[in-house]
Amino acid sequence: MLDINLFREQPDVVREGLRKRGEDPAIVDEIRELDARHRQLLQEVEALRAERNRVSKRIPQIRDPKEREAKIQAMRELKARLDQLEAELRDVEAQLWERLAWVPNLPDPDVPVGKDESENVVVRQIGEIPAFSFRPKPHWDLGPELGLIDFERGVKLSGTRFFVLRGWGARLQRALIQWMLDLHVQKHGYTELYPPFMVREKIIFASGQLPKFRDNLYHDAEEDFWWVPTAEVPLTGYHMDEILREEDLPLRYTAYTPCFRREKAAAGRDVRGLKRLHQFDKVEMYAYTTPEQSEAELQKMVQDAVETCTLLGLTCRVVQLCTGDLGFAARKTYDIEVWAPGLQEWLEVSSVSNVGDFQARRARIRYRPKEGGRTRFVHTLNGSGLGVPRTYIAILENYQQSDGSIVVPEVLRPYMGVEVIPPK
RNA sequence: GGAGGGAUGGCCGAGUGGACGAAGGCGGGGGACUUGAAAUCCCCUGUGGGCCUCGGGCCCACCGCGGGUUCGAAUCCCGCUCCCUCCGCCA
């Protein structure tokens, strides 16, 4: 949610931000009109309420029953007018809120301007694209051949975009999750949380997945439960409606959750393999900071994600998203991509975003400055640390050997108990 | 699922129709006393919003949430949510 004052005081800044994203700035005028009507009505309503309060306080002191009855009668009439105006006010307020909820965050000024993915900027690459003495296989061949991934039975159970991991294959995923959590907790300074995987609608709204991405979410037909599309959702909701203390910031959390997505918008794309699934696992990093801290925290979080890749021995690169490719809530985002030699492509395993106060406004998460004074909205940041299936792809494809075995990355060996996953 | 009890400020807790934005306490801030600290005493201390002749003033809303009754609601009525206790069921 953007600050309504931005629309009042700097509408051109909002229009410019929307244009850079490739969005229609017409909504700015729509919101300005609603806001003007809202304030007009609010003033009228408040004037009437002030009048009512003033007179009502005096009524018990009036001795003369006639005068008293006259006042009460006058207030009855005022009440009727007030009821009508209040109904109107509620209506306009709801409209204003509804429109505002659809406006995405504004890009940070130093985000490169571009229309889509093709204009993202590769910031740096860590490691070289590895050379193989044989033709590396894609994971959708390796997985079934080694008995690690059972795509067919996944489909039997739940349909397309589902899979089953088996034996060492299941163990490898569990090892990855465990290791990532340990890394973020022990080395990167995050506190581990285990949140619910289903949350209320208002929590989904607070993180910005609603109303815009309703189509991509699963929810219970009977009760107010929404399956989380990312741990970012419960991690944003965690401090909803709270006033934090500046001394406690930054607050850093990490959490493992499965993520559930309909992927309707991507129908037919990436249907093969583990690249895009209805249910996938992810370890998330999350931070609440002051506005002054958030840029540095963004860089730290990118570094934490990069380190997760490099410790696994994967070649990766950091890509800064251009304005046209930014997510709804983000004002600045870096993707981390790892090289998958079987697929011969870079895979996005992490997306790290500074959301500014966009989610904090929706979730009403504030902090009290050390020196006192008015509360301020926190900044929130989220980043994958990492998405599990794509990391899994990269491990299988990068660590495959000519004899068909998979060498286990060194950091995972204590969690796997073996150095090599043998060929079948 | 059934029965009962509850939800008040950062925390605890009073308040059952009229000066209650809310007693009292705790916590926090400032001051007096003190060489310093403690103790004691005094003062201040919720959130959001609107307006103006705007570094000051006026007003509105908020006592779990949403409606309603009333001239007037923390207080009465209806619905909902959440928490607690007991019973049932259950991994």
Side-chain angles (χ1 to χ4, degrees), chain A residues 1-9 31-101 194-206 210 219-226 234 237-249 251 288 357-378:
Chain A
M1 191 81 56
L2 295 177
D3 186 353
I4 187 70
N5 286 307
L6 266 180
F7 290 83
R8 286 177 198 158
E9 291 155 18
I31 287 171
R32 281 169 60 87
E33 279 165 36
L34 280 170
D35 178 50
R37 273 184 65 205
H38 177 253
R39 275 193 295 175
Q40 170 68 34
L41 278 167
L42 186 62
Q43 281 171 48
E44 291 174 31
V45 163
E46 289 192 349
L48 284 181
R49 292 209 273 232
E51 164 87 1
R52 177 197 64 192
N53 292 347
R54 203 163 42 240
V55 176
S56 287
K57 272 181 188 170
R58 282 215 317 270
I59 284 178
Q61 272 108 60
I62 300 175
R63 294 283 169 85
D64 177 15
K66 261 190 171 161
E67 192 191 336
R68 197 182 157 109
E69 193 41 52
K71 283 280 189 237
I72 289 175
Q73 187 52 41
M75 284 304 101
R76 276 198 194 111
E77 282 157 25
L78 185 144
K79 174 96 195 303
R81 254 189 305 152
L82 183 57
D83 280 347
Q84 200 186 338
L85 280 177
E86 279 182 332
E88 224 174 303
L89 178 67
R90 268 198 297 272
D91 183 52
V92 172
E93 196 175 3
Q95 285 180 50
L96 178 59
W97 179 258
E98 203 277 330
R99 297 277 67 202
L100 220 39
Y194 171 83
F197 301 161
M198 297 187 286
V199 297
R200 303 166 184 287
E201 181 171 347
K202 64 182 183 188
I203 302 294
I204 297 259
F205 180 88
L210 281 176
H219 64 98
D220 184 84
E222 285 181 30
E223 293 184 81
D224 183 20
F225 286 129
W226 295 69
Y238 189 63
H239 284 300
M240 186 157 160
D241 287 317
E242 292 183 22
I243 299 172
L244 307 171
R245 305 184 328 151
E246 181 173 359
E247 296 87 308
D248 297 332
L249 301 177
L251 285 170
Y288 297 78
D357 62 12
F358 191 80
Q359 290 172 329
R361 281 180 192 282
R362 291 181 164 229
R364 294 167 303 278
I365 305 166
R366 290 158 292 166
Y367 73 94
R368 196 174 299 288
K370 272 193 207 108
E371 62 278 10
R374 291 179 76 77
T375 56
R376 303 172 73 198
F377 286 109
V378 298

Would A:Ile243 and A:Tyr367 count as a side-chain contact (heavy atoms from CB on, under 4.5 Å) if you check the C-alpha gap in whole Å, the side-chain angles of each, and the deciding distance to 0.1 Å?
CA-CA 5 Å; A:Ile243 299 172; A:Tyr367 73 94; 5.7 Å; no
Under the side chain to side chain donor-acceptor pair (under 3.5 Å) rule, collect the residues that match up with [X], sequence neighbours excluded.
X	answer
A:Glu242	A:His239
A:Glu33	none
A:Glu51	A:Arg54

In whole angstroms, how far is the [atom2] atom of [N] from the [atom1] atom of [X]?
X	N	atom1	atom2	answer
A:Ile365	B:G48	CD1	C1'	16 Å
A:Glu69	B:U70	CD	C1'	13 Å
A:Met240	B:C82	CE	C1'	14 Å
A:Ile203	B:C82	CD1	C1'	13 Å
A:Ile4	B:G48	CD1	C1'	15 Å
A:Tyr367	B:U47	OH	P	15 Å
A:Ile59	B:A19	CD1	P	14 Å

Whole-angstrom distance between [N] and [M], as gauged at atom [atom1]:
N	M	atom1	value
B:C58	B:G68	P	31 Å
B:G31	B:G9	C1'	25 Å
B:C60	B:G21	C1'	13 Å
B:C63	B:A74	P	7 Å
B:G48	B:C87	P	45 Å
B:C89	B:G1	P	15 Å
B:G6	B:G64	C1'	11 Å
B:U35	B:C44	P	28 Å

For RNA chain B, what is the dot-bracket line, given that a base pair needs Watson-Crick (N1 to N3, plus N6-O4 or O6-N4) or G-U wobble (N1-O2 and O6-N3) geometry with both distances under 3.5 Å, and | means paired with another strand?
((((((((.[[[..)..(.....]]]((((((.......))))))(((((((...))))))).[[[[[..)....]]]]])))))))....
Partners meeting side chain to side chain contact (heavy atoms under 4.5 Å, CB included) with [X] (sequence neighbours left out):
X	result
A:Met1	A:Trp97, A:Leu100, A:Ala101, A:Phe205, A:Arg361, A:Arg362
A:Arg245	A:Glu247, A:Asp248
A:Ala74	none
A:Asp83	A:Lys79, A:Glu86

On RNA chain B, compare the nucleotides closest to A:Arg54 and A:Asn5; which residue's is nearer the 5' end?
A:Asn5
Atom pairs, N/O to N/O, protein against nucleotides 62-65 of chain B, distance under 3.5 Å?
none

Less than 4.0 angstrom between a side-chain N/O of [X] and OP1 or OP2 of [N], yes or no?
X	N	answer
A:Arg58	B:G18	no
A:Asn53	B:A19	no
A:Ser56	B:A19	no

Measure the shortest side-chain to side-chain distance between [X] and [Y] over non-hydrogen atoms and say whether it is less than 4.5 angstrom.
X	Y	value
A:Leu244	A:Arg368	no
A:Glu88	A:Leu85	yes
A:Phe377	A:Ile365	no
A:Val199	A:Phe225	no

Within the structure shown, what part of the strands sits under 4.0 Å from [X] by heavy-atom distance: base, sugar-phosphate, or nothing?
X	answer
A:Gln73	nothing
A:Arg52	sugar-phosphate
A:Arg8	sugar-phosphate
A:Arg366	sugar-phosphate

Members of residues 75-97 of chain A that approach RNA chain B, where some heavy atom sits under 4.0 Å away:
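Within this stretch, A:Met75, A:Arg76, A:Lys79, A:Arg90 sit under 4.0 Å of the strand.
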Positions of residues 37-51 of chain A (non-hydrogen atom under 4.0 Å from RNA chain B), listed by number
A:Arg39, A:Leu42, A:Gln43, A:Glu46, A:Arg49, A:Ala50
Looking just at side-chain N and O atoms, do A:Glu69 and A:Gln73 make a donor-acceptor pair shorter than 3.5 Å?
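Checked: A:Glu69/A:Gln73 side chains show no N/O donor-acceptor pair below 3.5 Å.
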side-chain contact (heavy atoms from CB on, under 4.5 Å) assessment of A:Arg366 paired with A:Val378
CA-CA 5 Å; A:Arg366 290 158 292 166; A:Val378 298; 5.8 Å; no
Can you list the residues that meet the salt bridge (charged side-chain N to carboxylate O under 4.0 Å, His left out) rule with A:Arg8, with sequence neighbours excluded?
A:Asp35
So for atom CD, which belongs to A:Gln61, do other residues, nucleotides or ligands contribute more than 12 heavy atoms lying within a distance under 6.0 Å?
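Count over threshold, so yes.
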